[in-house]
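I have placed the structure first, in the form of structure tokens, so that the comments after it can refer back to it.
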Number of protein chains: 4
Amino acid sequence: MAGVNKVILVGNLGADPEVKYLEGDNTVANLRLATTEAYKNRNGERVEQTEWHDLEMWGAQAKIAEQYLKKGSQIYVEGKIKTDSWQDEQGQNRYRTRIRVLSFTMLGSKPDGAGNPSAPQQSTQQRPASSAPTSAPKAQEMVSDTEDDDLPF
Amino acid sequence: MAGVNKVILVGNLGADPEVKYLEGDNTVANLRLATTEAYKNRNGERVEQTEWHDLEMWGAQAKIAEQYLKKGSQIYVEGKIKTDSWQDEQGQNRYRTRIRVLSFTMLGSKPDGAGNPSAPQQSTQQRPASSAPTSAPKAQEMVSDTEDDDLPF
Amino acid sequence: MAGVNKVILVGNLGADPEVKYLEGDNTVANLRLATTEAYKNRNGERVEQTEWHDLEMWGAQAKIAEQYLKKGSQIYVEGKIKTDSWQDEQGQNRYRTRIRVLSFTMLGSKPDGAGNPSAPQQSTQQRPASSAPTSAPKAQEMVSDTEDDDLPF
Amino acid sequence: MAGVNKVILVGNLGADPEVKYLEGDNTVANLRLATTEAYKNRNGERVEQTEWHDLEMWGAQAKIAEQYLKKGSQIYVEGKIKTDSWQDEQGQNRYRTRIRVLSFTMLGSKPDGAGNPSAPQQSTQQRPASSAPTSAPKAQEMVSDTEDDDLPF
DNA sequence: TTTT
DNA sequence: TTTT
């Protein structure tokens, strides 16, 4: 049956995106995103808890990430949870969970301080493949996961 | 039946929050939030479309908004849709739709807020009333809609 | 700047969809959705509060709604808030807020009881226009807002 | 900094909840949830892809799950991603990602639950601990993660 | 391991 | 009325 698998994150990148150019003109970017919550415990002390997320972007989106995102960038992310499983050499089941990014938006008006045209406000979003940008998108534009593959997104 | 009524917004304030102190030590803040999307139309021209939202915050949350938010502030908002209806003088049905904010987070500040004490990272979120902050919360902390009323949130 | 305007609803339809066939082979469906929350007030009494939402669907999505949804149907909806404004005859500003549906999913295994093949599990979701179904989608499939217009979604 | 870590799922349970009663009158429930998406691949063939999620509920919420949820139940879930990491006997880093449930709603029941007392509409949601139900909640009511611990939710 |  |  048709289900829903949706993730919404706001956080900061722990490192620059790692981008790989694959055969067939495909591109994938892997990013580490930290989401931190701060709260008071029962003693009234302030506690911070950080969760790290493995993000995966494909195609034009990966290239935008490479161009505009870097360590410390604050982004809004929408995506879905994907867990890969396999057996390791000891025959044990192993799992790795990632967030497949469907759209993202750069946050903060001046990600890198004023006067930095190379790191502009940037965002991506679901767009039909037919209208995918043929070149790197301008700043302040919605760009999306436009992979022309069999994947539902 | 138990339903879901959830709104997620990222945008900028069009003006400073309007805060009213009501009898019974209650506080309400009204804010106007712009969410803008940019896309290319079928002619490849860049088009911007802005939607304006009326936000409503109560109690401690309203006071935090008054203290930390101002015209231009970029925030992440989570809330629910509420539509009031009434009859005007002509006997016509009138409607007004607002977003009741359940939590919000200031965006765009430095991750550690260093060197900018006047606009610190700030955020609010659902917290049990019993652990509500008795004073304005510190920067970079989760604060929430903690109204001790009959409302479900 | 690129913003986020997202609505997530789970509720029941208050009436059958109202579908209009427009010129240019366009179709629009309007639906009324109730989201109800139940909670206990400070006297421990159970209180129910229902919010009504005006939903708007276009194109293939509207046709699916017409075919599969009816009064009482429980659906999951994802969309964005849109507020139209105009001046009425008295020169007063009037507003109407609707939810532009981007995807929806029928909930409940047997919306109409077992043995009712005409009201199957059904769901819609963002899909590139190029892969839009050319006929009404089968049950249990993702279908989406595939309008080939200038709109970003 | 204050971030956002939010998961929204709609799916079916692969098995009955596994509930453990811990010392200190604490309860935890573990559930497996399947979210399935169906789409057409580039050959026009219908493809189904199922993702499995490990859900974790605590306290009153866990008891409600035990009482009302079972294999096959369709639920709406809201929560956050948590990844535990440790070193295994071979000294390798191991990870396990789960969804900490903050609220959930049973789907597919009749809006008024009439005539089905054994599987009523049921739902949970964030509520201040002070107003937590002391006994199992009635059908069609919002119930929530009301753990009185140091965790922010 | 669910659902249709 | 915001933002870039």
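FYI, side chains are in, hydrogens and waters are out, and symmetry mates aren't considered; it's all heavy atoms of this structure. In what follows, every chain begins at residue 1, and chains take the letters A, B, ... in the order their sequences are listed.
Across the protein-nucleic acid pair, M106(D) atom CE and dT2(E) atom C1' stand 14 Å apart, rounded to whole Å. Rounded to whole Å, atom P of dT2(F) lies 15 Å from atom NE2 of H53(B). Between L33(B) atom CG and dT2(F) atom C1' there is a gap of 8 Å when expressed in whole angstrom units. When the C1' atom of dT2(E) is taken as reference, atom CG of N30(D) falls 17 Å away, rounded to whole Å. Rounded to an integer number of Å, the gap from CH2 of W52(B) to P of dT2(F) is 6 Å. Regarding N12(B), its CG atom lies at a distance of 10 Å from the P atom of dT2(F), rounded to whole Å. Atom CD in E18(D) sits about 15 Å away from atom P in dT2(E), given to the nearest Å. Across the protein-nucleic acid pair, I75(B) atom CD1 and dT2(F) atom P stand 15 Å apart, rounded to whole Å.
Y39(D) pairs in a side-chain hydrogen bond (donor to acceptor under 3.5 Å, both in side chains) with only one of the listed residues (E48(D), Q49(D), R46(D)), which is Q49(D).
A side-chain donor-acceptor contact under 3.5 Å links Q74(C) to the backbone of G108(D).
At the heavy-atom level, S73(B) lies nowhere under 4.0 Å from the strands shown.
More than 12 non-hydrogen atoms from other residues, nucleotides or ligands lie less than 6.0 angstrom from CD of Q92(A).
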Side chain to side chain contact (heavy atoms under 4.5 Å, CB included) for V77(C) and I8(C)? Distances and angles first, verdict last. CA-CA 6 Å; V77(C) 167; I8(C) 288 170; over 6 Å; no
